[in-house]
S.K.: 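What follows is a structure written as structure tokens; I'll ask about it next.
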Amino acid sequence: MPFIPHTEEDVEEMLASIGAASIEELFDEIPPDLKTGNLSRVPPGMTEMEITRLMHERAQADGFYLNFIGAGAYEHHIPAAVWQITTRGEFYSSYTPYQAEASQGTLQLLYEYQTMMASLTGMDVSNASLYDGATALAEAALMAVRQHKTSRRILVPGTAHPTYRKVLRAIVRNQDIEVVEIPFDPESGQVIPEQLDPFGQEEFAALVVPQPNFFGVLEQVDTLTDWAHKKNSLVIAVVNPMSLAMLTPPGEWGTKGADIAVGEGQPLGIPLSSGGPYFGFMACKQELVRQMPGRIIGKTVDLDNKPGFVLTLQAREQHIRRSKATSNICTNQGLMVTAATIYMSLLGPEGLRRVAAQSHANLLQLVEKLETIPGVKRAHSGFCFHEAALKLPGPIDEILQALKAQGILGGLSLQDYYPALSNTLLVCTTETKTPVDLDKFGEVLGKILKKYK
Amino acid sequence: MPFIPHTEEDVEEMLASIGAASIEELFDEIPPDLKTGNLSRVPPGMTEMEITRLMHERAQADGFYLNFIGAGAYEHHIPAAVWQITTRGEFYSSYTPYQAEASQGTLQLLYEYQTMMASLTGMDVSNASLYDGATALAEAALMAVRQHKTSRRILVPGTAHPTYRKVLRAIVRNQDIEVVEIPFDPESGQVIPEQLDPFGQEEFAALVVPQPNFFGVLEQVDTLTDWAHKKNSLVIAVVNPMSLAMLTPPGEWGTKGADIAVGEGQPLGIPLSSGGPYFGFMACKQELVRQMPGRIIGKTVDLDNKPGFVLTLQAREQHIRRSKATSNICTNQGLMVTAATIYMSLLGPEGLRRVAAQSHANLLQLVEKLETIPGVKRAHSGFCFHEAALKLPGPIDEILQALKAQGILGGLSLQDYYPALSNTLLVCTTETKTPVDLDKFGEVLGKILKKYK
Amino acid sequence: MLIFEHSRPGRRNYSQSPTTPAEKQAIPQNLLRKSPVLLPEVSEMDAVRHYTRLSQKNFSIDTEFYPLGSCTMKYNPRACNALAMLPQFLARHPLAPEDTGQGFLACMYELQEILKDVTGMAGVSLTPMAGAQGELIGVMMIRAYHEARGDKKRTEIIVPDAAHGTNPATAVMCGYKVVEITTDKEGNVDMDALKAAVGPQTAGLMLTNPSTLGVFEKNISEMSRIVHEAGGLLYYDGANLNAVLGKVKPGDMGFDVIHINLHKTFSTPHGGGGPGAAPVGVAERLLPYLPIPMVAHEKGVYRWLTEEDVPQTIGRLSAHMGNAGVLLRAYIYVRLLGAEGMNRISQYATLNANYLMAELRKAGFEIAYPTRRASHEFIVTLKEIKERTGVTAMNLAKRLLDKGYHAPTTYFPILIPECLLIEPAETESKQTLDAFVTAMKEILQEIEDQPDMVKSAPHNMPLRKLDDVRAARELDLAWKPQ
Amino acid sequence: MLIFEHSRPGRRNYSQSPTTPAEKQAIPQNLLRKSPVLLPEVSEMDAVRHYTRLSQKNFSIDTEFYPLGSCTMKYNPRACNALAMLPQFLARHPLAPEDTGQGFLACMYELQEILKDVTGMAGVSLTPMAGAQGELIGVMMIRAYHEARGDKKRTEIIVPDAAHGTNPATAVMCGYKVVEITTDKEGNVDMDALKAAVGPQTAGLMLTNPSTLGVFEKNISEMSRIVHEAGGLLYYDGANLNAVLGKVKPGDMGFDVIHINLHKTFSTPHGGGGPGAAPVGVAERLLPYLPIPMVAHEKGVYRWLTEEDVPQTIGRLSAHMGNAGVLLRAYIYVRLLGAEGMNRISQYATLNANYLMAELRKAGFEIAYPTRRASHEFIVTLKEIKERTGVTAMNLAKRLLDKGYHAPTTYFPILIPECLLIEPAETESKQTLDAFVTAMKEILQEIEDQPDMVKSAPHNMPLRKLDDVRAARELDLAWKPQ
């Protein structure tokens, strides 16, 4: 009976108080014919010692690799303090802060988080997080439609993360929202603002602008933002928060700034961990705040006028508004945001900038190095942040296999996502890659590619 | 400047307040000719990311083995909760609890520890720990000499841990204390009480009784205890605390019980960790408490008569008594004791008993299995706890090498410690070894030993 | 003090970012950030100290009894955290090849299989990242099912008035109209109301069983028959699965789709409000619509199922495969428990709830459904007390904080006035429940003797009662430098 | 509430021990335990909750400013903890073959080399497990040196009256007579007293420099000459090394042997009173006596040095090689710092101490040695205040707790009446020091306005002042079942 403290004596006394003869009797309101709960396919319990050994063995089997895959999930150094504090029981095992007086730890931290994210994105306000970057985009689209009122059309460029686009479609399709894909320039790997006009003929609720885009390429965000605003549409920025330490924040794009900024918070102190849990962030202009889904923390005072923090704007939420809520979302990714807030505090503005700058510099270094290998060249001409697509002179799956055999995960094959991009590798570098790592990648790849000359 | 928070502005303001022109000026009382502190052989600083990678690489290089070495340090399962709580900042980064009102966490925990150890050893009182098992034995010897008053002779059997005996000698030799070694029976691997009388002719302060002894063999503790008491000497028990969940505690040995019980606390939730930090424990009879070295926690009340805990009997200690202190010891191994206390709380009496019983049963199983291999037989006839010496039919170093090549650390070669015990292997099993592990050891060893048939 | 108030310009942690500024840069000037980022400039110690102290201001399972109804606040085993955070698991990229993640994928596959058994369902997908997303995905599958059959007239989802707010909100997100049906005096769904609501326009019924009122819907088989006969599907909100784990399988009750809150029944941490995880399970007929990715096991190898394997899938609902690390924790938990351990969860959760209900009744509290067994939770109503003394359920909740207990859920379900929904969970001992009853009795006495003191609670917390109204009226959502 | 009071007979954690009782047993009946073991029978959650809550009752570096003089309470980097606890390091058996521990041994070897450089010594052994053991080992080497030379008349160790109590206690443990010498008005060792004390009977002088009075012994070279000329050796108590790290090497001051408190200068955690680690360093002439094991690096391989390599060693002083995990933490710390980082430690520790001294003097506190520079610590005396108001140093210390600061060291060094030894350490910011000064000023005012309130402090802690006298008189060292 792991985790159950009851002694036989306890059970007897408790049943006596209830007036029941057995625990089974407490289930007497369940129709007997339904009691079929035989868990024949659940294995017997293990001790902690046994499961510890099993999990260690499985972890060992998975091993470690020198990783150059990015594509929406990025390997950054995470200070040891981040998770040692985040997994303290008081953060780890508490619930949503419904009783504000007993949850000031989480509430103040979330308020600090909102402050950081609002500044990082250049927006007025931030919520306390959503599930992940992809669902945050979908929520932003729903929000834009609610705000725009007359159009249910969302323009999304083909340079946006392919999975994000799939998630967006899956979520909004039941609400009669149309997702229109905008083409991109295969040469530069960017959306060309001049080619947008056909899509703006008809009214649309919002234009999605990814920065950097899925190819790692930087979009012409100012022009795109102003174009959409001229059409009385909203602009939804999808951004890598780490890049914002270097790049113009969405709130400053074009003349008026993007209206909503969303993205994947993972680069801010969250381990790769096979894809989750991460967290989506969402920030917006002040006038949109009541359309924003998810938890929002506000500062207030107590009876003695001392400052404190509470969940606020709950009138938007499903437990009050039920079928009229802005979203069905109730949890955020609280623990991940705890980690991200501690991460940002430890890095500070200059630290975050250096991490971003080094990630970027490493990409330039790597691309330069790899382009010296015959047959390797950049797939796109646009400026990049810390990720770039490279054309390879041979079958990419075979090349990736060969790299893996030497302990290197060389990047992502783009073919599965963009059939036109055959033998194209999306490589990513973060600050974790040393000059030795970059050299090793170059050398190993060079040797592998010799056979395709 | 890792870990130093000062901004340039801070430094200027601080120097202005002091009235100094530079930080260097603050060192103006140090004679200039002494300022030679050029750290030419200290490498430049690393970032946390860099040292993280280095340490991961070194840890990977050291790897994991299926371990059958014991000999004073034992691999037991440690519940995950133990170290997650122990490394909480409030335990990890606090000092010795000098300000009791601000240290009730540590103080209450140590009081609980003392209670547990007193019960486990069957003694009246326990201190709050010493450095390790070996130094705890030395402190016990000093304590016995102080108590006995007329003799400075300590009898120690050859079955006591060889390193403990070395540490004992090294520490007591400067105080004119004589350590006399008692022989043991090579057949049974035990001290034979009947052969002790020659050593009891002359007065002695204490007899040391290891249980189980270094060979894993159980000594005849009742007879030994009564013999020493009859000579008006003290009995110092050196015990494995895990074994006490099964074995008669020192406080119940013979007619009157041992006077002092010491040992290595490592089996109680402390990782092997290349040998430390562990902790020594010491418990004794009430009448010896004022001779006991190390920190001791007492229960008391505050001004409102609420119960609380303080460091007590400080009049014995060096910071009050200086040259007249019972020992120079001031720290204990507080954090290790924190872990051990949580460990014992999680295991409880029945859990600890099962761990001990399974460790013992596994040894019987393993020995039975290995003795089916031609040429392998037990070196001693005495009953064992969870460790036993085995004679092998070939050169032990070669055999251990061959086992290691298959991922098995087969045990300790006894030859280095007891030249007479050539080709003898000290093997240990704890509850961590599964039937599959025991079979694997048997199979692999069987194959290796084929060549020595 | 906010972390920003510890900040000083120019302070930084030299260990935590590259030592020397990057040399290369190739980004056009117009794309470079000019405005400063408002992050704190604090030392590592200041950050550690600030957040360690903040953490101490939280109530949590690791520090207090937390009988929050409908939230299943049980012990979160520390082993689950430690093992899910083994370095290799943390380091693995979601898009790394499958052969570099066979250990991880094995855990996911086995978790799918175990959840199928537990729920009595034919298939499970692990992707949903929270209960609400599990619901969304569940209703999306219901919609996909009807659409695939060309059955386009089904425009309504039926929801009991006691349901979680997420149920109606979810139905709306899937383009459905919500039809609320009433509850009878015994806490069951009003069968006449159900019959009246059901029709050819019914896409499905969303139900929690045991319900949020803490009682088992005895007529579930009949309800299932009515809805199915009308062509609708049954959705099981798994929020209360803890109450019947190993006793009744939702599949056996006739449900077609279920989400399972792993952060409730399977004890993954609540983390101050997430991340959760809520795998969905479906009956045979909904199998084709399950969201991807799922894990398959073929010839000893684990691999992801994609659109090619599940062509009718409702698609992808997360950037990768959901909250993998949460799933790992749940996997470890179920392996620790085993089948026997799971059976015991519902037994002891039910025992605790019924005992606490009995003791509180004896102490003088009014139970909302006194004739019913409690499931793993039950409702106390302060209606009479409020009318007589003016003390509200929220006042009592705040007073409980003073006594070192987290408050139960208040004002939910909304149909019970001045209610407290109390769920002790199976991991609490009788001694803790007894101490809680003592505290509740003390408050009952305080309500009689000094109602104003109770109304102005809390008194022993670092802050007194906080002003929610002001928070919403004078919105302050981000700190601004002075 | 004690953990034992949560206990109930028969309760246990089924996950934490073997599921089925062991089958085999072969131990004679008379050796088997009959009496029960008094361990608590609690659930995993109760244990986690109990110890989590207990932890919250501690002040610590991670939660409060902790200016405990002579203890160097600085930030303990979390990375040191995380990396020293990598699974492979934790799993390694101390007697495992050297080739299974090359990664670990490399760290130990490099730490030895770094400490040699830092101290200016010819050799270092890492084995001592605490400052007091480092002292013991240091004096044992002094004795071994004299004995090896047949110099048997040396029976005395000279110790300043300001020294740590461990110094005289250690000398006695090594069989020496202790000769205490006085301090002059400026806080230096009285040179006349030293000259008078030194002679052919002098085995050595134990000294902390900077001294425990917080000042640098300016005459150290002269002292060194005097002791050496008399044939004695100089022992450096490394407790205050933080003050001069990278500025002055003890070897250059003429010391023959030193212990280095890694838990002070090199920031390994204090852990509520240990484990520490205190490697010893020696000058050339003491090399043969260093305790084993030490690590050697030969042909790219690391190995332990044993008695065979160091035949004159004073021997082994721990069961294995000392507090390995603490040494790993120190190694990680020194690599994070590097040479530059070490230099800065002494600079900023000294800046903080002198600034705090200046500010407290301005606030009206009496400084014990007002004409001297503070080293990394300094002394405030409440002698005048005590005489005038009856408020003691201990009263002020307790009142500081009320204000959220750990108290400085009180009543040490013993030659300064009513003293507070204050050491802020380099990791505290000016803002924290300023806030501390504000609190001290408030107390100064409180002493004037409401001395009785100060005398009965603390008032805001979970407990009021505890009765030490009763604790020692009515010894209660273990809980007994009621």
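Note on naming: letters A, B, ... go to the chains in the order of the sequence lines (proteins, then strands), and numbering restarts at 1 for each one. No experiment lies behind these values; they were computed from the predicted model shown.
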S.K.: Looking at every heavy atom in both D/M173 and B/N174, which two are closest together, and how far apart are they?
M.R.: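 So the two residues come closest at O-CB, 4.1 Å.
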S.K.: Of all the heavy-atom pairs spanning B/M116 and D/P40, show the shortest one and how long it is.
M.R.: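 So the minimum-distance heavy-atom pair works out to CE-CD, 3.8 Å.
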S.K.: Looking only at side chains, do D/D467 and B/T300 share a donor and an acceptor under 3.5 Å apart?
M.R.: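 D/D467 vs B/T300: no donor-acceptor pair found between side chains.
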S.K.: Under 4.5 Å, counting heavy-atom pairs only, tell me which of D/G175, D/P269, D/A358, D/A22 racks up the most with chain B.
M.R.: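 Heavy-atom pairs under 4.5 Å are most numerous for D/P269.
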S.K.: Nearest 0.5 Å please: distance from the OG1 atom of D/T427 over to the CD1 atom of B/I4.
M.R.: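 Between D/T427 OG1 and B/I4 CD1, I get 8.5 Å after rounding to 0.5 Å.
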S.K.: Which answer fits D/Q133, side chain, backbone, both or neither, if we ask what part of it has an atom under 4.5 Å from a heavy atom of chain B?
M.R.: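 Contact with chain B is through both the backbone and side chain of D/Q133.
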S.K.: With side chains defined as the heavy atoms from C-beta onward, is the minimum distance between B/Y111 and D/L2 less than 4.5 Å?
M.R.: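 Yes - at least one pair of side-chain heavy atoms lies under 4.5 Å apart.
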S.K.: Are any of the side-chain heavy atoms of D/V334 and B/V42 separated by less than 4.5 Å?
M.R.: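 With C-beta onward as the side chain, the pair stays apart.
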S.K.: Would you say that D/V118 contacts B/R41 through its side chain, given a criterion of any heavy-atom pair below 4.5 Å between the two side chains?
M.R.: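 Side chain of D/V118 against side chain of B/R41, heavy atoms only: no contact under 4.5 Å found.
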S.K.: With a 4.5 angstrom heavy-atom cut-off, could you sort out which part of D/F89 is near chain B: side chain, backbone, both or neither?
M.R.: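 Both the backbone and the side chain of D/F89 come within 4.5 Å of chain B.
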S.K.: Measure across B/S94 and D/N58 and return the closest heavy-atom pair with its distance rounded to 0.1 Å.
M.R.: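 Shortest heavy-atom separation between B/S94 and D/N58 comes out as OG-ND2, 3.7 Å.
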S.K.: Could you check whether the rings of D/Y348 and B/H6 sit parallel, tilted or perpendicular, using 30° and 60° as the cut-offs?
M.R.: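 D/Y348 and B/H6: tilted rings.
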S.K.: In terms of heavy-atom pairs under 4.5 Å, which option from B/Q333, B/Q358, B/M336 contacts chain D the most?
M.R.: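 That would be B/Q333.
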S.K.: Of D/R464, D/K465, D/K398, which is the lone residue that meets side-chain hydrogen bond (donor to acceptor under 3.5 Å, both in side chains) with B/E101?
M.R.: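 Going through the options one by one, the only one that passes is D/K398.
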S.K.: If you count heavy-atom pairs under 4.5 Å between each of D/H93, D/K34, D/E359 and chain B, which one has the most?
M.R.: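 Among the listed options, the one with the most contacts to chain B is D/H93.
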S.K.: Can you measure from CZ (B/F3) to CG (D/L336) and round to the nearest 0.5 angstrom?
M.R.: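 The CG atom of D/L336 is 5.0 Å from CZ of B/F3, to the nearest 0.5 Å.
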S.K.: Go through the side-chain N and O atoms of D/Q88 and B/Q60 and say whether any donor and acceptor fall under 3.5 Å apart.
M.R.: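 Note: D/Q88 and B/Q60 side chains meet the donor-acceptor criterion.
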S.K.: Under a 4.5 Å cutoff for heavy-atom pairs, which residue among D/E41, D/R143, D/Q102 has the most contacts with chain B?
M.R.: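 Option with the top pair count is D/R143.
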S.K.: Establish, yes or no, whether a centroid distance under 6.0 Å links the rings of D/H406 and B/Y95.
M.R.: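 When the ring centroids of D/H406 and B/Y95 are compared, they turn out to be at least 6.0 Å apart.
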S.K.: What's the shortest heavy-atom distance between B/L303 and D/S456, and which atoms?
M.R.: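 In this case the closest contact between B/L303 and D/S456 is CD1-O, 4.3 Å.
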S.K.: Just by distance, with hydrogens left out, do B/E350 and D/S17 show a side-chain donor and acceptor under 3.5 Å apart?
M.R.: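 No pair is found: no donor N or O on one side chain lies under 3.5 Å from an acceptor on the other.
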S.K.: If only side-chain N and O atoms count, and only distance matters, is there a donor-acceptor pair under 3.5 Å linking D/Y51 with B/S345?
M.R.: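 Yes, D/Y51 and B/S345 have a side-chain donor paired with an acceptor closer than 3.5 Å.
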S.K.: Decide whether D/S35 and B/E252 meet the rule of one side-chain donor and one side-chain acceptor closer than 3.5 Å.
M.R.: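 There is such a pair between these side chains.
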S.K.: For B/A102 and D/L401, which heavy atoms make the closest approach, and how far apart are they?
M.R.: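 Taking B/A102 first and D/L401 second, the nearest heavy atoms are CB-CD2, 3.9 Å.
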S.K.: What's the shortest heavy-atom distance between B/Q104 and D/L54, and which atoms?
M.R.: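 Shortest heavy-atom separation between B/Q104 and D/L54 comes out as O-CD2, 4.4 Å.
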